[in-house]
Number of protein chains: 2
Amino acid sequence: MRGSLVPDWLCLCSWDSRRGTESLRHKDEICSGCNKKIRDEGDDRETGIEDVESLREKSVLLSGAVLDNRLASVGETKTDSHRAKAKWKLKSVVTLALTILTSSQAILIVWSKRAGKYEYSVTTANFLVETLKCAISLVALARIWKKEGVTEDNRLSTTLDEVIVYPIPAALYLVKNLLQYYIFAYVDAPGYQILKNLNIISTGVLYRIILKKRLSEIQWAAFILLTAGCTTAQLNSNSDRVLQTPFQGWVMAIVMALLSGFAGVYTEAIIKKRPSRNINVQNFWLYIFGMGFNAIAILVQDFDAVMKKGFLHGYSPITVLMIFNHALSGIAVSMVMKYADNIVKVYSTSVAMLLTAVVSVYLFGFHLSLAFFLGTTVVSVAIYLHSAGKMQR
Amino acid sequence: MRGSLVPDWLCLCSWDSRRGTESLRHKDEICSGCNKKIRDEGDDRETGIEDVESLREKSVLLSGAVLDNRLASVGETKTDSHRAKAKWKLKSVVTLALTILTSSQAILIVWSKRAGKYEYSVTTANFLVETLKCAISLVALARIWKKEGVTEDNRLSTTLDEVIVYPIPAALYLVKNLLQYYIFAYVDAPGYQILKNLNIISTGVLYRIILKKRLSEIQWAAFILLTAGCTTAQLNSNSDRVLQTPFQGWVMAIVMALLSGFAGVYTEAIIKKRPSRNINVQNFWLYIFGMGFNAIAILVQDFDAVMKKGFLHGYSPITVLMIFNHALSGIAVSMVMKYADNIVKVYSTSVAMLLTAVVSVYLFGFHLSLAFFLGTTVVSVAIYLHSAGKMQR
């Protein structure tokens, strides 16, 4: 008999048990967390669309006649196809937004570094990013309430049952950020940039394990290529030092990759669990805990400096720009989690990384290395394979 | 109307026109060289086997019933399946032999470099390699004649019609080797090693164009990855200099890649054209022209030195070992052309390159770079994708 990995109250599968969706659940799926049967209405709805899509893809391979019956039997309607199209459009828009925002985020960092040292406190900036995200979510909600009125899906008030898992991603990121200080005892900063690519693999593995979503073999190959390609693109003459990383450094890097991947996948699970719940409400609750954890970080790390020099000491117009950019990127990540998934997010941020390098050539006169071209080639092929691999699922 | 690219007597398609195989040819294939209809008995036989194979692969995707009829209709018999198995075994053995021989070849080069400078003349060594290959082919033939008697397929005597294209690969390699001296005016030696990876792409493209064999989209992706992976594995701190290669250097590198790719693909075409002809006879005629062209190279480049110091001046036991290794590798290449193809050859020599690096760690205390690990990862995924891509053809 399999043991229970997490307590019932923490496990995502138990959330909607009182919303009467039990009858809609798949009978054969067992939660890997608390060992209960899982899948709720939202998952079913999604799976339904995916089934139709994959059958449509298979119809190219199979002959038409038999398939048409099967398509009819899963109840394909015009509404379904319209909904799938709208979903695809939304997915593309949020992914594009995330790519552009992440890319400009990296450019702002280079810009601010060129302008001089960081003189502001990073913890206060992080706190302001979370606050801004909260504010934006509230403004968006207010507009929706005005237009549609307050419904069960867009009301801000929540239940303990719904809200109890929202602090978890913020807490995971906090632990990861604390570990970050210690890993520099074993790896230098460029080495850490390279090890961070382990995030890609950990996200893929946890996406498979926790969200139970399948990737085809070709898509797994693409994911390995994405990791290798991103790392190759970042290679420079000092990169080989990362191979001398001591064992503890590797362990920490892997733990951090797992924490980061888990936080991402768990956020997706939280957001996807209630598909009809308004994204701005979900964001509000995610970010309010983010504010809380960052307030703790200020108290622990920067309390004296903030008391002495003030909260906004060292802020420049570029710092403000960076805060706005980070806030918008964060919201874009949430949107991608809601309307696409972690895999799309990973591809999007990888492309952003390459885009940043290309833009930096024009902005800062950077030189692109041969390794960058090779890495970009591999990442491009990975993106093609990820989409070609869909056919095989 | 399409123009004729090569004269009739040079084009491979016209060879067997007097052997009465006209009736067996595909009516819809037009030679891209001389514009005639092509494909002879051998191609048909091969295509037959491949059709059964690909249909069997598709049968996994399609449902069984319809397919069984189709399989029956292409005349699948036990003999076919037995022949396919034997062919697969032979293909694996020659590929493995090529990989090991190519890898040890590179190790011998490193070893001989470590032992001191090349003191022997490279042209005389090349001549001896060709001579040794000729001798080995003759010995193998003698054994076959003893066992099976002289038949039309294993007789050494030939017709002008058969033999006229045999000098072409040797001539192409000669031109390529001559160009090699000039390219070093634009690129340094490590840069040239990197540009040589263009051979992989040129081989793939020419394989498609000249031999008219198809690769699936996934297999093309794999081929691009193989090129990127091999180049990545060879990256070092000076690699970026290759990006400063002047335009003439790029043109020469591309021309050399095309010459090398064309020589490889043309050799395959020559060998595959007469599938029933004994490989040792085909090798004998290939190598005898190799001897001839290398004799010319001695006369042009090293005549004085050979006259003054003697033919075997500066030869050491390791030189003799290298000559034997080159000869066996050359024969392995021919075997791969006969029983597999240029694509297999390219994958095999790429794996050999990686194998050499790993063995060098133990033999010469080489350090493997992060780039090497990344390149190896990409090449491994490429190999997987090449085989996974077969399913889609």
Side-chain angles (χ1 to χ4, degrees), chain A residues 57-58 60-63 65-67 190-191 194-195 197 201 216-245 367-389 391-392, chain B residues 58-63 65-67 190-191 194-195 197 201 216-245 367-389 391-392:
Chain A
E57 283 161 355
K58 279 177 197 150
V60 181
L61 297 170
L62 294 158
S63 54
V66 188
L67 198 82
I194 283 176
L195 289 178
N197 291 308
I201 289 289
S216 71
E217 282 183 22
I218 300 282
Q219 287 181 315
W220 275 114
F223 226 61
I224 294 169
L225 290 172
L226 183 68
T227 313
C230 285
T231 314
T232 303
Q234 293 172 318
L235 285 180
N236 60 49
S237 50
N238 298 321
S239 302
D240 278 355
R241 283 204 298 240
V242 84
L243 294 177
Q244 266 98 55
T245 304
H367 286 288
L368 295 180
S369 65
L370 178 58
F372 178 81
F373 288 114
L374 294 169
T376 305
T377 306
V378 173
V379 169
S380 308
V381 175
I383 292 169
Y384 161 73
L385 288 171
H386 180 76
S387 105
M391 300 281 286
Q392 301 201 320
Chain B
K58 277 175 198 153
S59 73
V60 181
L61 297 170
L62 294 158
S63 54
V66 188
L67 198 82
I194 283 176
L195 290 178
N197 291 306
I201 289 291
S216 71
E217 282 183 23
I218 299 282
Q219 287 181 316
W220 276 113
F223 225 61
I224 295 168
L225 290 172
L226 183 68
T227 313
C230 284
T231 314
T232 303
Q234 293 172 317
L235 286 180
N236 59 50
S237 51
N238 299 322
S239 302
D240 278 355
R241 282 204 300 240
V242 84
L243 294 176
Q244 266 99 55
T245 305
H367 286 288
L368 295 180
S369 65
L370 178 58
F372 177 81
F373 288 114
L374 294 169
T376 304
T377 306
V378 173
V379 169
S380 308
V381 174
I383 292 170
Y384 161 74
L385 287 171
H386 180 76
S387 105
M391 301 280 286
Q392 301 200 320

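Convention: sequence-line order gives letters A, B, ...; per-chain numbering from 1. Quick caveat: nothing in here was measured; it's all calculated off a predicted structure.
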Best-contacting candidate, L235(B), T377(B), L385(B), L225(B), against chain A by heavy atom pairs under 4.5 angstrom: L225(B)
Would you check if the side chain of Q219(B) reaches a backbone N or O of H386(B) as a donor-acceptor pair within less than 3.5 Å? yes
Between D240(A) (side chain) and L370(B) (backbone), is there a donor-acceptor pair under 3.5 Å? yes
At their closest point, which heavy atom of L243(B) faces which heavy atom of L368(A), and how far apart are they? CD1-O, 3.5 Å
Heavy-atom cut-off 4.5 Å, strictly under: side chain, backbone, both or neither for F372(A) against chain B? neither
Can you list the residues that meet the side-chain hydrogen bond (donor to acceptor under 3.5 Å, both in side chains) rule with N197(A), with sequence neighbours excluded? T231(A), Q234(A)
For chain A, which of N236(B), T232(B), V242(B), N238(B) has the most heavy-atom pairs under 4.5 Å? T232(B)
Relative to chain B, which segment of V378(A) carries a heavy atom at a distance below 4.5 Å: side chain, backbone, both, or neither? both
Listed by chain and number, what are the side-chain hydrogen bond (donor to acceptor under 3.5 Å, both in side chains) partners of T227(A), not counting sequence neighbours? none
Highest number of heavy-atom pairs under 4.5 Å with chain A: which of S380(B), A228(B), S237(B)? A228(B)
